[in-house]
Amino acid sequence: MRLVSFGEYGSRVGVVCRDGTISDITGLIPAGSDRRHGVMRQVIESYGEISSRLVDLESGGGGQRLGSVTLSPPVTDPSKIVAAPVNYLDHMEEMHQLSHIDSLGLFLKAPSSLIGHGGIVHLPYNNRRFDQEGELCFVVGRVARNVKVEEADDYIFGYSVLLDITMRGGEDRSTRKSFDTFTPMGPWIVTADEVGSVDDLELRCWVNGELRQDARVSDLIWGVPELLAYASSVMTLYPGDVISTGTPKGVGPICEGDEIVAEVSRVGRLSVTVTSLGAMFSVTRGGTAGPTQPSDEEPG
Ligand code: MN
């Protein structure tokens, strides 16, 4: 099943029906739900209770056309976005990094950086380099604390596509990857039952139609179960939390007017555009510390 967030500030949740229309399921959220949470989080929290009705709606249809609504990020208010720093060997090589996730662990992106499918990435500075990182991400379905790798699948609600937009330089990752609009996600969440094993999933990313990234998810250094188990040993994970699995080789600069498309087979195709309107001179210098640029060019 594919679930979308739409409407003002993502205040509606819908099932994508077999006829390509959206069936609005916001009214099916049980009365006892935690209204402090966004509607998709409430749907995930009560999914066991309402899923059979959603399956019926999915085969129905006749709702709003998918293309006629503005999609929000599938989860608008995750308690956190956890991300993997260097989780493909070929990306470690292109970045001239000496260490990967085994020694780096995980990092956090600000939930306020989320945008949906069709959104606009705003580059904040005119003297720094920004790159696209196409990634598979997953959404947590149940409260998870100290979960074993073998049990991790039980805690995964579904999958989506995520762009981890990144400023290069020596600042902490949480700074370089948390600017507003730096986490496009979507277009939807595909529930885990529909994706099955992630090992044969293929991840691709294009900028202006040029293929930059082309990888198999089975090449992840830490796979999905390992990421969930480790993250849950550090911090309690809540329904709706997003965990992004990392990016393969092929990251590169993005600039004004670019169109970025990221696609994961059986999951979805996410596209956004880029603007540098209003970009300022960077307050911090980035220095020479941190990840080396993946090419010898000076940052634009
Ligand atoms: Mn990344």
Side-chain angles (χ1 to χ4, degrees), residues 40 44 73-88 91-92 95 100-101 104-117 119 121 130-141 144 152 155-167 172-179 181-190 192 195 198 201-205 213 215-232 234-235 237-251 260-265 267-270 272 291:
M40 182 65 86
I44 295 169
V75 188
T76 55
D77 63 339
S79 83
K80 50 199 164 294
I81 302 168
V82 184
V86 182
N87 202 18
Y88 285 90
H91 178 57
M92 179 172 91
M95 299 303 290
H100 61 63
I101 189 163
L104 296 170
L106 301 169
F107 67 93
L108 293 171
K109 289 183 69 124
S112 47
S113 65
L114 282 165
I115 60 170
H117 174 69
V121 172
F130 300 92
D131 288 357
Q132 104 291 342
E133 297 190 351
E135 309 194 358
L136 168 74
C137 72
F138 60 93
V139 177
V140 174
Y155 292 81
I156 295 168
F157 178 75
Y159 296 89
S160 191
V161 184
L162 187 145
L163 280 161
D164 177 18
I165 305 294
T166 301
M167 178 172 79
D172 191 87
R173 281 189 176 84
S174 63
T175 300
R176 294 187 288 107
K177 294 166 175 279
S178 283
F179 292 95
T181 74
F182 271 31
T183 311
M185 178 183 170
W188 41 61
I189 301 170
V190 183
V195 175
V198 299
L201 294 181
E202 291 171 354
L203 164 67
R204 293 193 180 83
C205 187
Q213 299 186 277
R216 301 185 73 85
V217 168
S218 56
D219 286 335
L220 284 171
I221 299 171
W222 281 15
V224 166
E226 288 79 12
L227 290 168
L228 185 133
Y230 177 68
S232 81
V234 177
M235 54 194 119
L237 303 174
Y238 294 97
D241 280 358
V242 176
I243 302 187
S244 201
T245 57
T247 204
K249 183 176 108 172
V251 306
I260 312 172
V261 175
E263 183 177 60
V264 177
S265 50
V267 177
R269 183 181 176 94
L270 167 72
V272 294

Show your working on side chain to side chain contact (heavy atoms under 4.5 Å, CB included) between Glu226 and Leu220 and close with a plain yes or no.
CA-CA 10 Å; Glu226 288 79 12; Leu220 284 171; over 6 Å; no
Could you go step by step and tell me if Arg176 and Phe182 meet the side chain to side chain contact (heavy atoms under 4.5 Å, CB included) rule?
CA-CA 9 Å; Arg176 294 187 288 107; Phe182 271 31; over 6 Å; no
Working for side chain to side chain contact (heavy atoms under 4.5 Å, CB included), residues Asn87 and His100:
CA-CA 6 Å; Asn87 202 18; His100 61 63; over 6 Å; no
Quick one: do Ile165 and Ile260 satisfy side chain to side chain contact (heavy atoms under 4.5 Å, CB included)? Show the steps, please.
CA-CA 11 Å; Ile165 305 294; Ile260 312 172; 4.1 Å; yes
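Using a distance-only test at 3.5 Å, with no hydrogens or angles considered, no donor-acceptor pair links the side chain of Ser160 to the main chain of Ile189. The backbone N or O of Thr181 sits nowhere less than 3.5 Å from a side-chain atom of Ser113 that would complete a donor-acceptor pair. The main-chain N or O of Lys177 is found under 3.5 Å from a side-chain atom of Lys109 such that the two form a donor-acceptor pair. Trp188 contributes no side-chain N or O that, together with a main-chain N or O of Pro73, makes up a donor-acceptor pair within less than 3.5 Å.
Nearest heavy atoms, Ser178 versus Ala110: OG-N, 2.9 Å. Residues Ser79 and Pro111 come closest through the heavy atom pair O-CG, 4.2 Å. Summarising the geometry of Glu202 relative to Ser265, their closest heavy-atom pair is N-OG, 2.7 Å, with the distance given to 0.1 Å. Pro78 and Gly240 get closest at one heavy-atom pair: CB-O, 3.3 Å. Nearest approach of Leu106 to Pro85, heavy atoms of both residues: CA-CD, 4.1 Å. When all heavy atoms of Leu163 and Cys205 are compared, the closest pair comes out as CD2-SG, 4.1 Å.
Distance check: Arg269 CZ to His117 NE2 gives 9.0 Å after rounding to the nearest 0.5 Å. Taking CE from Met95 and OH from Tyr88, the interatomic distance works out to 15.5 Å, rounded to the nearest 0.5 Å. Rounding to the nearest 0.5 angstrom, the gap separating the CD1 atom in Ile243 from the CZ atom in Phe138 is 4.0 Å. We find the CG-CG distance between Leu136 and Leu162 to be 9.0 Å, quoted to the nearest 0.5 Å. Rounding to the nearest 0.5 Å places CG of Asp77 at 9.5 Å from CG of Leu114. If you take CD on Glu135 and CE on Met185, they are separated by 12.0 Å, rounding to the nearest 0.5 Å.
In this structure, the side chains of Val139 and Pro74 stay at 4.5 Å or more apart for every pair of heavy atoms. Taking 4.5 Å as the limit, every side-chain heavy atom of Tyr155 sits out of range of all side-chain heavy atoms of Leu237. Contact annotation: the side chain of Val82 approaches that of Leu108 to within less than 4.5 Å [non-hydrogen atoms, C-beta and beyond]. For the pair Leu270/Pro184, a side-chain contact is recorded, criterion being any heavy-atom separation below 4.5 Å from C-beta on. Inter-residue side-chain proximity for Tyr230 and Ile101 is flagged as unmet; no heavy-atom pair is nearer than 4.5 Å. The side-chain heavy atoms of Thr247 and Asp164, taken from C-beta on, include no pair separated by under 4.5 Å.
Each of Val161, Val195, Val264 was compared with Val190 under the side-chain contact (heavy atoms from CB on, under 4.5 Å) criterion, and only Val195 meets it.
Side-chain contact of Asp131 with Thr166: a donor-acceptor pair under 3.5 Å is absent, judged by distance alone.
Within 6.0 Å of atom CZ in Phe107, more than 12 heavy atoms from other residues, nucleotides or ligands are found, so the atom counts as buried in its surroundings.
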